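To keep things clear, I will list the structure first and then write my remarks on it.
None of the values given here were measured: they were computed from a predicted structure.
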Amino acid sequence: MSITSTIQILHSRISIREITPSTVILLSFDILKGDINGTLNIYSLKSDLSKSLKNNWKIETGIKTSFVKADNDMQFFDATSGVSIVDQNKTNHFIYEENINALYGNVSKKWNKFSAIFGLRAENTNVTGNQLTTNQVNKKNYTKIVSECRFFL
């Protein structure tokens, strides 16, 4: 019998400051300033159990949970007049959150020149997208059950 567990943690941050000249209409010169800040956090925990049985049978089972949060804040300013004014058509602040919980089980059998795997996986997903700029929140929650049947020569 073997048991394995894995913990994964990822934290990422991005920050960009940029001044971009652009030609909109002939003889018109605009200056667009942009501040882009973002963070990405991913946490996951996974544990698996595997047990070999008599006559080349094997049972595997496992569980996994993960959490993701992405926070992206993009602010753009029109600086054509020399004063930076927020450009609401380009500015955007979006937060994405996701939680996935999964449980699986497999049974496999090996014969002389042939093998088979039969399995079942249940997955529950919870997602929230929060568009702070427009005060729009979208949520989606669902559970899926997926079966598996594979044969090998």
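- Taken together through direct or relayed side-chain contacts under 4.5 Å among Ile, Leu, Val, Met, Phe, Trp and Tyr, Trp111 and Val107 form parts of separate hydrophobic clusters.
- Under a 4.5 Å side-chain heavy-atom cut-off, the cluster of Ile, Leu, Val, Met, Phe, Trp and Tyr residues that includes Leu120 is completed by Ile145.
- Residues Phe94 and Gly129 share a closest heavy-atom pair of CZ-CA, 3.8 Å.
- Across Gly34 and Phe76, no two heavy atoms sit closer than the pair CA-CD2, 3.7 Å.
- Evaluation of the salt bridge (Lys or Arg N to Asp or Glu O under 4.0 Å) test over residues 102-111, restricted to residues two or more places apart or in two chains, returns none.
- For the pair Thr39 (side chain) and Arg13 (backbone), a donor-acceptor distance under 3.5 Å is absent.
- Taking the side chain to side chain donor-acceptor pair (under 3.5 Å) definition, one finds that Tyr43 meets it with nothing, sequence neighbours left out.
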Under 3.5 Å donor-acceptor pairs involving side-chain atoms of residues 44-53, not counting sequence neighbours:
unit_1	atom_1	unit_2	atom_2	d
Ser44	OG	Gln8	OE1	3.1
Ser47	OG	Ser5	OG	3.0
Asp48	OD1	Tyr104	OH	3.0

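- For Asn106, the side chain to side chain donor-acceptor pair (under 3.5 Å) criterion is met by no residue, not counting sequence neighbours.
- Annotation: side chain to side chain donor-acceptor pair (under 3.5 Å) contacts of Lys90 (sequence neighbours excluded): Asp87.
- Among residues two or more places apart in sequence or in another chain, the ring-ring contact (aromatic ring centres under 6.0 Å, His included) test is passed with Phe67 by none.
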Candidate pair Leu40 and Val68, rule side chain to side chain contact (heavy atoms under 4.5 Å, CB included), full reasoning: CA-CA 7 Å; Leu40 174 64; Val68 175; 4.1 Å; yes
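- Separation of atoms OG (Ser15) and CG (Asp35) is listed at 7.5 Å; rounding is to 0.5 Å.
- Between Phe151 and Phe114, the ring-plane angle classifies as parallel under the 30° and 60° cut-offs.
- Atom CG of Leu10 has more than 12 heavy atoms from other residues, nucleotides or ligands within 6.0 Å.
- Counting side-chain heavy-atom gaps under 4.5 Å among Ile, Leu, Val, Met, Phe, Trp and Tyr, the cluster of Leu132 also holds Ile95.
- A distance of 5.5 Å separates OG1 in Thr61 from CG in Leu103, rounded to the nearest 0.5 Å.
- For Thr65, the side chain to side chain donor-acceptor pair (under 3.5 Å) criterion is met by Asn101, not counting sequence neighbours.
- Counting heavy atoms from C-beta on, the side chains of Asp71 and His93 come closer than 4.5 Å.
- In this structure Phe152 satisfies the ring-ring contact (aromatic ring centres under 6.0 Å, His included) test with no other residue, sequence neighbours excluded.
- Evaluation of the side-chain hydrogen bond (donor to acceptor under 3.5 Å, both in side chains) test over residues 128-145, restricted to residues two or more places apart or in two chains, returns Asn92-Gln131, Asn124-Thr143.
- In this structure Glu123 satisfies the salt bridge (Lys or Arg N to Asp or Glu O under 4.0 Å) test together with Arg121, sequence neighbours excluded.
- Gln88 places a side-chain heavy atom less than 4.5 Å from the side chain of Val86.
- Residues Glu98 and Tyr96 approach most closely at OE1-OH, 2.6 Å, considering heavy atoms.
- Summarising the geometry, atom CG belonging to Asn99 is positioned 8.0 Å from atom OG1 belonging to Thr125; distances are rounded to the nearest 0.5 Å.
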